[in-house]
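See structure below.
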Amino acid sequence: MRPVVLLASILASACTLTQNYNQCVVDSDCASENGTPRYCTSDGICLSNTPAERLCTKTIPAVPSPNGVHVGALLDLRLVNGQPAEQLPLLALELAVGEINSAVELDGIRPLVVDVCDVGTSGVDADNATRILIEQRNVVAIIGPNAASAATDMLARIKAAGVPAISPALSDTAIANAASQGLFFRLAPVEAEQGLQLVSQLTTLANGMSTSELGLLNVQTNYGNNIRNRFTAEWQRKDPVRNRTSDFYQYGEGNADLLASTSSLLVNAQPRFAVLIPGADSAAAISSMARLPLDPKDPTGTTPLLVSSSGRTAELLQQARTGTAQMKAHLGRITGVAPLSFVPAEEGNDFKVSFTAANPGVALERDFMVGYTYDAMYLIGAASAVVKGAQTPAQILSFLRLLTNNAVSLSLRATAFKETVAALTQKPNDPVTLLGVTGAIRFLANGGRDPVLLESWKIDTTAGQYVSTPVPQ
């Protein structure tokens, strides 16, 4: 009997060796937890958050130089209507890296390599991706993220490692006030600045007079609340007696019923002026204001509509191009405020021409903040080029902290890049201002940009275009 037992034991062992203990092959094999999806790793394990192997899978250029200076980029690359959510910033990085590397390739300067990480899926993606960038890719700096939650997620890690990060489009007030040891730089103005500018625009429209006949509607998000709170405080400060808030309303992001009911309350109040701070459903929110008094022949019979930057979308522009005469008249009443998109100078004009030539069919109005990513890449490119290819994050950080001078300005245009680098190399310790696509770039000690650069915008419904005007400093 003993040989039989031994044979059975061997067969059992063989069966054990050939059994497949993988939990999954694809994501759909993983059961969700409390309605939250889980993800399948390449070795068949189900995880609650995005597997590390999926986070940083793209490089710019696609075949990087083995001698390249590595820079990280944290973008939201979730597919929306078949395209990455932050497709235009990704394209701006590709354009900038190509231009910078072409400019320095004959000068003995190490080229740039951007490690692109998708941080748009799980709540801890930004932290996990930042760890990969710092510990595995040895990046000297990071571009992004643009979402407040993602920035909160990764701040502690860059502080611990001493790696500087530049967020192109982050405008959240809380993040702006967060302690970052001077490592987190922001190119866009905070939301509160839009609130102040809305008050300034309202004052102009009202000929400097106070008015209690004001209706306001905002989306109940950090963005909407931050702008509203700053607007309300400044508006009431101007005239605490007359400037009341009885016709101020809010609606939840994505709540169509609440949007309809609150906008009706505002419209039915027949205010003399209206302010709208919409969310992702901005086109619907603007359309809901169409019943406000409107008389194309008599401006005094028309209620002006002030709108924050979230209202300036490609979808709204399409309505201006294809809508009814009544809708076009409604859109023509809008005055908006936003961060400065493209400076009306060679830097802004050159970028628009180059970006459009490199990406035909990609409309810039899909993301008016795209120039901020391009500027961020050029800032790091200049910092690296000045030292013939940065070896450490400290070299990039030292350069960024020199951007404080109001008198000396150098252009970041692609055609002027080599000349700018040469000038910076001659005086590597002197403060300076760099001129980018989005205007003059200087930083405060807390990483905020100086000065605040904003613009007003309107819709030319005849040409089907946005018309933007920089706000005077």
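Scope of the values below: all heavy atoms of this structure, side chains included, with no hydrogens, waters or symmetry mates.
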Six-ring centre of Y39, R54 cation under 6.0 angstrom, axis tolerance 45°:
no

Donor on one side chain, acceptor on other, [X] and [Y], under 3.5 Å:
{"X": "Q87", "Y": "D367", "value": "no"}
{"X": "Y372", "Y": "N146", "value": "no"}
{"X": "Q194", "Y": "S309", "value": "yes"}
{"X": "S468", "Y": "R312", "value": "yes"}
{"X": "S341", "Y": "Y466", "value": "no"}
{"X": "K159", "Y": "S180", "value": "no"}

Without swapping roles, check the side chain of [X] against the backbone of [Y] for a donor-acceptor pair under 3.5 Å.
{"X": "N49", "Y": "S122", "answer": "no"}
{"X": "Q465", "Y": "D460", "answer": "no"}
{"X": "T221", "Y": "G224", "answer": "yes"}
{"X": "D375", "Y": "V437", "answer": "yes"}
{"X": "E253", "Y": "V219", "answer": "no"}
{"X": "R272", "Y": "A206", "answer": "no"}

For the atom pair [atom1] ([X]) and [atom2] ([Y]), what is the distance rounded to the nearest 0.5 Å?
{"X": "Q236", "Y": "R244", "atom1": "CD", "atom2": "CZ", "answer": "10.5 Å"}
{"X": "L292", "Y": "L276", "atom1": "CG", "atom2": "CG", "answer": "10.0 Å"}
{"X": "L402", "Y": "D430", "atom1": "CG", "atom2": "CG", "answer": "8.0 Å"}
{"X": "L198", "Y": "L306", "atom1": "CG", "atom2": "CG", "answer": "6.0 Å"}
{"X": "L214", "Y": "F273", "atom1": "CG", "atom2": "CZ", "answer": "8.5 Å"}
{"X": "E347", "Y": "N349", "atom1": "CD", "atom2": "CG", "answer": "9.0 Å"}

Taking 4.0 angstrom as the limit, do R449 and E193 come out as a salt bridge?
no

Is the number of heavy atoms from other residues, nucleotides or ligands under 6.0 Å of Q270 CD greater than 12?
yes

When the ring planes of F231 and F248 are compared, do they come out parallel, tilted or perpendicular, using 30° and 60° as the limits?
tilted

